[in-house]
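Report on one structure; see the data block that follows.
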Amino acid sequence: MSIAVHTVIACFTLIYICCGVPLKPSNTCGYDVCNLGKPDKLNVHIVPHTHDDVGWLKTVDQYYYGARNDIQHAAVQYILDSVIPSLVENSDRRFIYVEIAFFWRWWLQQTEEMRNTVRQLVNEGRLEFISGGWSMNDEGVTHYNSIIDQHSLGAEFLRDQFGQCGRPKLGWQIDPFGHSKQVASLFAHMGFDGLFFGRVDVQDYTERFKTKTMEMIWKGSANLGEDSWLFSGILPRVYEAPPSFCFDVHCQNEPIKDDPQLHDYNVPERVQAFIDAAHSQATGYATNHIINTMGSDFQYENADEWYKNLDKLIKYVNAQQGNGSDVNIFYSTPSCYLYALNKANRTWTTKSDDFFPISFNQHGLWNGYFTSRPALKRYERYSNNILQVTKQLNALSNVTLRHAFFPLSEAMGIAQHHDAVSGTEKQHVADDYAQRLAQGIDSATYVVNEAYKKLLPKYNHSLTIPAQFLCQFSNISECLPIEGQASFTLTLWNPTIHSVQHVVRVPVTQKYLIRSPTGSTVAADFMSISDQVKNIPGRTSSAQYELVFQVPLPALGFSTYYFESKSSLADNKRKEKSKIDQTHNEACVLQNQYLRVEFDQQGNLKNITNQERNFTVQFSSQGFYWYTSFPGNNSRPEFQASGAYFFRPLTSNPLPVSSSRNVTCTHMDQVQTAYIVYNQWCSQEVRLYDQANTVEIEWIVGPIPIEDGLGKEIIIRYDTDIRSNQYFYTDANGREVLERKRDYRPSWNYTVYESVGGNYYPVASRIWIKDNQTQMTILTDRSEGGSSMHDGSIELMVHRRTLHDDSQGVGEPMNETAYGTGLVVRGRHVLILETPQLSASHHRPTAQQLFMSPLQTYALPGISYTDYSNNYRQTWSSLNESLPYNVHLLTFDQLAANVFLIRVEHYFELNEDATYSKSAQIDLDSLFNTLGKIKDLAELTLAGNMPLSEMKRLVWQTNDHQSSNLKLTKSNTSKSTIVSLNPMEIKTFQVTIE
């Protein structure tokens with residue numbers, strides 16, 4: 001491991017070392033100390049806050065230190081330096097903080113005296129942490145696994161440093177560009193009492209304000225009932241102060257000048273303006289409590305300027321009560337505002353759908369970011385895959401190196417930020433996010449190696465453990481360290497608790513004999529790498545071929561395959577078993593035991609037959625199209641441009657990327673393919689593997705041409721004869737699925753202004769259409785925007801290159817380049833054709849295996865196969881029994897030598913499968929088969945920061961006489977390790993073994 005990685009790990013170790021003992025709470029934090037105002041007044045909760053993007057126009061470190069102020073003046077360290085003394089000065093003052101990525105950086109630099117001062121403020125409820133994630137995560141393109149992880153990371157820090165008073169009570173999603181009911185459900189299971197957010201569709205906002213339904217009970221899950229309900233509120237001005245009442249150094253508003261002897265005395269007009277603003281806001285809200293967010297982006301660098309004016313404002317506005325004013329204002333927090341609403345003794349409307357997509361104006365919808373920066377979106381998923389495997393290897397090898405891969409945990413926490421994985425940051429910031437992930441992966445690779453040093457050797461081994469390494473350019477069929485090697489090994493770790501059949505593709509420069517863990521020869525196809533792959537800019541590999549083969553992998557374990565160059569074998573006359581049958585621009589059929597896929601001589605996909613169910617789906621078209629990006633100047637809504645945030649096509653009809661195509665069909669033993677080249681920048685390979693019941697479509701797009709001066713949004717469209725009748729279905733954050741209908745919103749009477757963009761939704765993992773007999777599901781390997789613009793059709797946007805900024809602040813078009821040309825992106829879709837009744841049993845496990853793929857590490861042991869097999873285990877599983885098919889191991893993290901954090905989930909929904917939608921049971925002891933027996937077991941909230949038995953959420957009443965009162969089953973105790981799971985249920989445990 002390099003010195004740089006050692007240094008980074010040493011620095012990041014600090015989060016896992018107690019930096020001081022939390023002060024004993026003085027029983028003055030929490031709801032009991034909230035000011036609930038006056039029952040006969042309009043109570044205005046003044047909430048001082050700062051919104052600190054964890055990267056956007058500047059990198060996270062530039063924002064923290066205040067570097068590159070030529071881009072944007074922002075310096076988070078000075079905000080915290082300034083706020084704390086202002087809070088100490090006046091015990092009435094309040095402040096909230098959200099982004100733990102920044103607070104953690106600041107905390108490491110503080111003296112113990114300052115830390116104790118902050119702890120006292122937290123214990124007295126004067127400084128409150130809200131939401132508490134490492135970042136304020138995006139809700140459209142993030143995966144639930146990573147949302148949970150980044151919130152757990154922040155929650156762990158807050159618990160360790162501040163105890164119970166540091167535990168956030170609600171979600172604060174004031175800036176993300178749409179809101180997911182899955183996130184609401186996750187927040188509810190973290191123990192949050194509520195959620196506030198700032199951005200909703202302008203049509204939705206107008207209707208809600210008019211009908212006083214800005215606050216509601218959000219039913220986060222149809223599967224989990226009241227446990228997933230979350231009180232949710234829409235803030236009145238996103239998160240800004242009322243007009244003319246911003247008192248920050250960056251604002252131009254007048255301060256309150258309260259010396260009547262001075263000519264500029266303005267208290268009467270300022271007080272009246274505030275009272276008028278309060279009354280205006282109150283017309284849209286249902287109670288005599290309203291919230292004023294006093295702050296904005298990176299404000300309070302000079303906190304004294306804010307607080308002096310707020311002190312005066314509170315004093316003089318309240319003084320008017322003596323003159324008949326009904327406005328009562330006071331310092332507060334979102335938690336106290338929430339509590340006041342809870343105590344209002346009223347019922348609330350409900351919502352069961354989500355807030356996607358949402359519009360900024362009639363022609364600007366936040367939907368382009370569903371696809372923006374597709375390479376970064378894929379890299380984030382890949383990084384999470386490595387993070388989860390590293391946690392498992394660290395735990396199962398018992399090397400106790402959790403601190404060592406903290407750089408990857410931290411980088412992933414930052415990457416969930418709503419201007420990170422969303423793709424809405426400046427280019428140099430996107431580069432910084434990718435660099436952080438790469439450095440995090442380096443730290444994880446060190447832990448992987450240390451784990452394998454314990455798991456690989458046999459008891460009598462005497463050889464040095466070969467170093468394992470990743471081939472991170474496998475996505476462009478490149479693995480330089482193995483090129484030309486006489487031998488190497490490939491070890492695959494299966495992170496799921498079920499055995500899987502996995503397809504391996506290894507780029508090579510020569511032929512190899514592959515030995516399985518038992519020593520038998522593995523049948524593999526020796527396939528040429530396409531010119532389209534070899535010509536990807538930046539690819540330096542001399543590999544011309546890929547070895548393609550299928551392997552069985554044990555549950556939660558590994559298998560190692562030994563590669564030996566055939567040129568180095570004594571018997572060099574071995575006959576090749578792999579047959580190649582290839583045609584060019586001819587009609588062809590790909591067929592295996594389950595599926596039949598037919599193409600005509602022009603490369604058009606004509607039909608797919610499910611031979612097992614005996615039905616055929618006809619395709620009228622399948623392939624690449626592009627929308628022209630709207631080239632507006634943003635001066636008015638009708639001139640709204642398409643950019644990083646917004647997808648707005650010039651016309652509603654996409655154009656095919658070419659009028660002709662070339663198709664090459666190849667039939668081999670392991671795989672049959674149809675490689676279709678549309679032009680120099682668009683191609684796809686349709687693959688059908690032996691024994692597979694899915695079709696894989698691997699696509700390459702780029703460099704998208706812009707020489708014609710037109711921005712382009714590239715989609716892959718699948719047009720079928722399925723009678724979908726306007727309906728389609730998309731997932732929420734990789735988990736539950738929502739029904740969509742073209743040109744329709746369940747919550748209000750929707751007026752269509754953008755016929756295409758208004759129907760685009762985030763597709764984090766899957767989208768499908770169906771009729772009574774057939775369902776076509778498309779799985780994605782990253783977040784993409786998707787829709788069904790015509791009956792029987794699915795389209796997914798895979799890449800974009802726009803030439804105009806969309807005026808949302810980033811100041812750059814979505815025009816990514818690499819190696820001196822437009823960015824080339826390679827990705828995968830997995831197509832499943834089944835009956836609606838059986839589809840879930842296929843798309844659920846396939847999506848999990850796509851998301852949690854086996855981790856491939858290579859090594860150069862430099863010894864013969866005989867010596868290798870004598871010294872090292874070649875296959876191993878941590879499990880000794882089969883676990884339920886509908887249960888997934890979400891988290892397996894070692895907290896200390898004998899203490900582990902475990903999350904298990906039921907990953908099927910209610911009523912989607914006759915067998916797997918039933919409740920399941922798992923014995924947690926089975927996960928620790930190789931480590932010991934469970935001595936103690938405590939069930940926790942989803943974020944892992946509180947015993948479930950201590951979770952007491954506020955109770956709310958709905959307009960239809962329902963109550964959110966929790967009906968939690970009795971939490972597990974140490975007496976039983978058997979865990980029952982209902983559909984879509986996640987359970988979190990702290991496990992101690994002996």
Side-chain angles (χ1 to χ4, degrees), residues 44-54 56 96-99 130-133 135-142 168 170-181 183-184 187 192 194-209 212-216 218 230-243 245-246 248 251 277 280-282 284-285 289-300 332-335 337-338 341 351 354-361 364-367 369 416-420 422 424 645-646 747-748 762 807-810:
V44 183
H45 294 249
I46 298 295
V47 178
H49 81 106
T50 178
H51 174 60
D52 297 343
D53 288 304
V54 186
W56 178 39
I96 63 169
Y97 202 75
V98 178
E99 297 86 3
I130 302 293
S131 218
S135 62
M136 185 183 294
N137 62 264
D138 176 68
E139 300 188 43
V141 304
T142 44
L170 55 81
W172 187 251
Q173 294 287 102
I174 58 176
D175 200 24
F177 324 116
H179 305 285
S180 164
K181 63 182 292 185
V183 171
F187 282 179
F192 288 0
L195 164 67
F196 292 103
F197 44 84
R199 301 188 190 277
V200 296
D201 190 281
V202 64
Q203 294 182 43
D204 191 13
Y205 184 100
T206 300
E207 182 64 23
R208 287 184 177 279
F209 196 88
K212 291 180 176 285
T213 54
M214 296 287 279
E215 291 154 334
M216 71 214 80
W218 197 356
L230 190 66
F231 183 91
S232 301
I234 303 166
L235 298 174
R237 294 167 298 276
V238 186
Y239 51 84
E240 303 283 342
F245 287 95
C246 176
D248 196 74
C251 297
S280 176
Q281 180 180 329
Y285 288 82
H289 290 268
I290 61 173
I291 185 173
N292 274 358
T293 48
M294 306 304 282
S296 189
D297 292 359
F298 300 99
Q299 293 195 357
Y300 285 79
S332 188
T333 67
S335 298
Y337 173 62
L338 179 77
L341 297 180
K351 180 180 175 68
D354 62 3
F355 292 91
F356 286 116
I358 64 171
S359 65
F360 172 72
N361 56 46
L365 289 106
W366 277 289
N367 53 9
Y369 82 96
Q416 305 317 304
H417 169 56
H418 57 271
D419 283 310
S422 60
T424 54
Y645 298 86
F646 298 161
S747 301
W748 78 91
S807 78
Q808 292 304 293
V810 75

* Audit row: His49, Tyr300, side-chain contact (heavy atoms from CB on, under 4.5 Å) steps and yes/no -> CA-CA 8 Å; His49 81 106; Tyr300 285 79; 5.9 Å; no
* **Residue of the set Asp175, Thr142, Asp138 for which side chain to side chain donor-acceptor pair (under 3.5 Å) holds with His418** =>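 Per the side chain to side chain donor-acceptor pair (under 3.5 Å) rule, the option paired with His418 is Asp175, out of Asp175, Thr142, Asp138.
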Would you find a donor on one side and an acceptor on the other, under 3.5 Å apart, between the side chain of [X] and the backbone of [Y]?
{"X": "Asp248", "Y": "Cys251", "result": "no"}
{"X": "Gln416", "Y": "Asn137", "result": "no"}
{"X": "Ser232", "Y": "Leu230", "result": "yes"}

Just to verify, what does [X] make a side-chain contact (heavy atoms from CB on, under 4.5 Å) with, not counting sequence neighbours?
{"X": "Thr50", "result": "Asp52, Ile79, Phe95, Tyr97"}
{"X": "Phe245", "result": "Pro242, Phe247, Arg270, Ala273, Phe274, Met294, Leu313"}
{"X": "Pro334", "result": "Val47, Ile96, Ile130, Leu170, Trp172, Phe196"}
{"X": "Gln281", "result": "Pro236, Arg237, Tyr285, Ile290, Asn292"}

For residues [X] and [Y], report the shortest heavy-atom separation together with the two atoms involved.
{"X": "Gly140", "Y": "Phe356", "value": "CA-CZ, 3.5 Å"}
{"X": "Gly178", "Y": "Ile358", "value": "N-CD1, 3.5 Å"}
{"X": "Gln173", "Y": "Ser131", "value": "OE1-OG, 4.2 Å"}
{"X": "Asp201", "Y": "Pro357", "value": "OD2-O, 3.9 Å"}
{"X": "Pro168", "Y": "Gly132", "value": "CG-CA, 3.7 Å"}
{"X": "Val202", "Y": "Ser359", "value": "CG1-OG, 3.2 Å"}

Distance, nearest 0.5 Å, that separates [atom1] of [X] from [atom2] of [Y]:
{"X": "Leu195", "Y": "Phe231", "atom1": "CG", "atom2": "CZ", "answer": "10.0 Å"}
{"X": "Met136", "Y": "His51", "atom1": "CE", "atom2": "NE2", "answer": "5.0 Å"}
{"X": "Glu215", "Y": "Leu235", "atom1": "CD", "atom2": "CG", "answer": "8.5 Å"}

* Asked: Yes or no on side-chain contact (heavy atoms from CB on, under 4.5 Å) for Thr424 and Gln808, after CA distance, side-chain angles and deciding distance?
  -> CA-CA 9 Å; Thr424 54; Gln808 292 304 293; over 6 Å; no
* Can you name the residues that form a side-chain hydrogen bond (donor to acceptor under 3.5 Å, both in side chains) with Thr293, not counting sequence neighbours? ->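 Per chain and number, Thr293 pairs via side-chain hydrogen bond (donor to acceptor under 3.5 Å, both in side chains) with no residue.
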* For His179, which residues count as a ring-ring contact (aromatic ring centres under 6.0 Å, His included) partner, sequence neighbours excluded? ->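 Checked His179 against ring-ring contact (aromatic ring centres under 6.0 Å, His included); matches are Phe197.
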* Asked: Would you call Tyr645 and Val810 a side-chain contact if the rule is heavy atoms closer than 4.5 Å?
  ->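 Counting from C-beta outward, Tyr645 and Val810 do come under 4.5 Å.
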* Classify the ring geometry between Tyr369 and Phe177 as parallel (under 30°), tilted (30 to 60°) or perpendicular (over 60°). =>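 Perpendicular, since the angle between the ring planes exceeds 60°.
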* Determine whether the aromatic ring centres of Trp218 and Phe355 lie less than 6.0 Å apart. =>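 Yes, the ring of Trp218 comes within the 6.0 Å limit of the ring of Phe355, centre to centre.
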* Asked: Could you walk me through whether Lys351 and Arg208 pass the side-chain contact (heavy atoms from CB on, under 4.5 Å) check?
  -> CA-CA 12 Å; Lys351 180 180 175 68; Arg208 287 184 177 279; 3.8 Å; yes
